[in-house]
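Please read the structure below before turning to the comments.
Position 1 is the first residue of the sequence; numbering continues from there.
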Amino acid sequence: MTKKPTKAVAAKAASRKPEAGGDAAPVSSRAMRAAERRNAIVEAAMEEFIARGFAATRLDDIAKRAGVAKGTIYLHFKDKESMFEELVRTVIVPVVAKLNALPPPTGSVRDLIEAFAGNFLREVIGTRRGDLVRLIVAEGPRFPSVADFYYREVVSRGIAGMRALIELGIARGEIREKDLARYPQILVAPAMIAVIWQSLFARHAPLDAQDMLRVHLDLIFGERRTT
């Protein structure tokens, strides 16, 4: 016959607290490892896409570079295209999002545009972001869905932000050419030229992208007056 625990023993057992993090720690640890694997896959995908191009990149090569089994990739991404979209979201979208998060200008509209564009050039030219942009320019026509995604997530947001700044500049009298609001692409043209030039011709004729931006803004806003 089994003895029932005494009241003292039962009370002691009931008063015991579970070890701190006993249940949460394993869950947190698993989530952390999953996040690390996902980040490793994204990093490997970026290197493979840049080195081989979108069409030639294979999931096997990404898995090998990331140090994971190919099946692990499917736990995070359904295909190569969704992986590329994640790259755009994490690497490029945050840079463009800064444009729409700019505070109302206390100075001139030109100052605000110059600050954003200058920062954009620093974060894109000569970086992996620039490599991704060039990849989209080169292979977008062959993969319309990739180009469509990039337009929705990056281009349309950038164009909307630039148009809003142009319209503010026109309203303030800083920009005389009112039709510029119809073509905000003109405002960001130096950035695209600099990205493409960097990969194709920089070794022949280095380009000072920041100074080109200054000259470009002089054409739109007029030369800065020196005091």
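- Residue pairs meeting the salt bridge (charged side-chain N to carboxylate O under 4.0 Å, His left out) criterion with at least one partner in residues 144-165, sequence neighbours excluded, are E153-R157.
- A66 approaches A40 most closely through the heavy-atom pair CB-O, 3.7 Å.
- Side-chain N or O atoms of N39 include one that pairs as donor or acceptor with a backbone N or O of A35 at under 3.5 Å.
- Partners of R37 under the salt bridge (charged side-chain N to carboxylate O under 4.0 Å, His left out) rule, at least two apart in sequence or in another chain, do not exist in this structure.
- Linking ILVMFWY side-chain heavy atoms closer than 4.5 Å, directly or via other members, places L217 and V215 in two distinct hydrophobic clusters.
- Applying the salt bridge (charged side-chain N to carboxylate O under 4.0 Å, His left out) test to pairs two or more places apart or on separate chains, those with a residue in residues 66-82 are D60-K70.
- Put simply, the side chain of E43 reaches to within 4.5 Å of the side chain of M46, judged on heavy atoms.
- Using a 4.5 Å cut-off on side-chain heavy atoms (C-beta onward), M212 and L207 make contact.
- Looking at heavy atoms from C-beta onward, I62 lies in side-chain contact with I41 at the 4.5 angstrom threshold.
- For F143, the ring-ring contact (aromatic ring centres under 6.0 Å, His included) partners two or more places apart in sequence, or in a different chain, are F54.
- Annotation: the span from L213 atom CG to D211 atom CG amounts to 9.0 Å, rounded to 0.5 Å.
- For the side chain to side chain donor-acceptor pair (under 3.5 Å) test, residues two or more places apart in sequence or in another chain that qualify with R110 are D218.
- Side-chain atoms of F116 and M162, non-hydrogen and from C-beta on, do get closer than 4.5 Å to each other.
- Annotation: the span from S108 atom OG to R172 atom CZ amounts to 8.0 Å, rounded to 0.5 Å.
- D179 pairs by the side chain to side chain donor-acceptor pair (under 3.5 Å) definition with nothing, not counting sequence neighbours.
- For D208, there are no salt bridge (charged side-chain N to carboxylate O under 4.0 Å, His left out) partners at least two apart in sequence or on another chain.
- Of the inter-residue distances, the one linking I113 atom CD1 with F120 atom CZ reads 14.0 Å to the nearest 0.5 angstrom.
- Under the 4.5 Å side-chain contact rule for hydrophobic residues, I193 and L200 share a cluster.
- No path of Ile, Leu, Val, Met, Phe, Trp and Tyr side chains, each step under 4.5 Å between heavy atoms, connects L75 with L59, placing them in separate hydrophobic clusters.
- Contact detail for G140 and A147: the closest heavy-atom pair is O-CB, 3.9 Å.
- Residue-environment remark: CZ (R89) exceeds the threshold of 12 foreign heavy atoms within 6.0 Å.
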With a 3.5 Å cut-off and sequence neighbours excluded, list the donor-acceptor pairs that the side chains of residues 182-192 form with protein atoms.
none

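- Rounding to the nearest 0.5 Å places OG1 of T57 at 9.5 Å from CZ of F84.
- A45 and M83 get closest at one heavy-atom pair: CB-SD, 3.3 Å.
- At a threshold of 4.5 Å between non-hydrogen side-chain atoms, the residues E86 and R38 count as touching.
- Formation of a donor-acceptor pair under 3.5 Å by the E139 side chain with backbone atoms of A55 is found in this model.
- To the nearest 0.5 Å, the span separating CG on L135 from CG on L87 amounts to 9.5 Å.
- Closest of all the heavy-atom pairs between E167 and A181 is CG-CB, 4.0 Å.
- To the nearest 0.5 Å, the span separating NZ on K64 from CG on D61 amounts to 7.5 Å.
- Partners of D131 by side chain to side chain donor-acceptor pair (under 3.5 Å), not counting sequence neighbours, listed by chain and number: R128, R134.
- Every side chain to side chain donor-acceptor pair (under 3.5 Å) that R52 has, sequence neighbours left out, goes to E48.
- Remark: Y151 pairs with no residue by the ring-ring contact (aromatic ring centres under 6.0 Å, His included) rule, at least two apart or across chains.
- For residues 188-218, the ring pair (Phe, Tyr, Trp, His ring centres under 6.0 Å) pairs, not counting sequence neighbours, are W197-F201.
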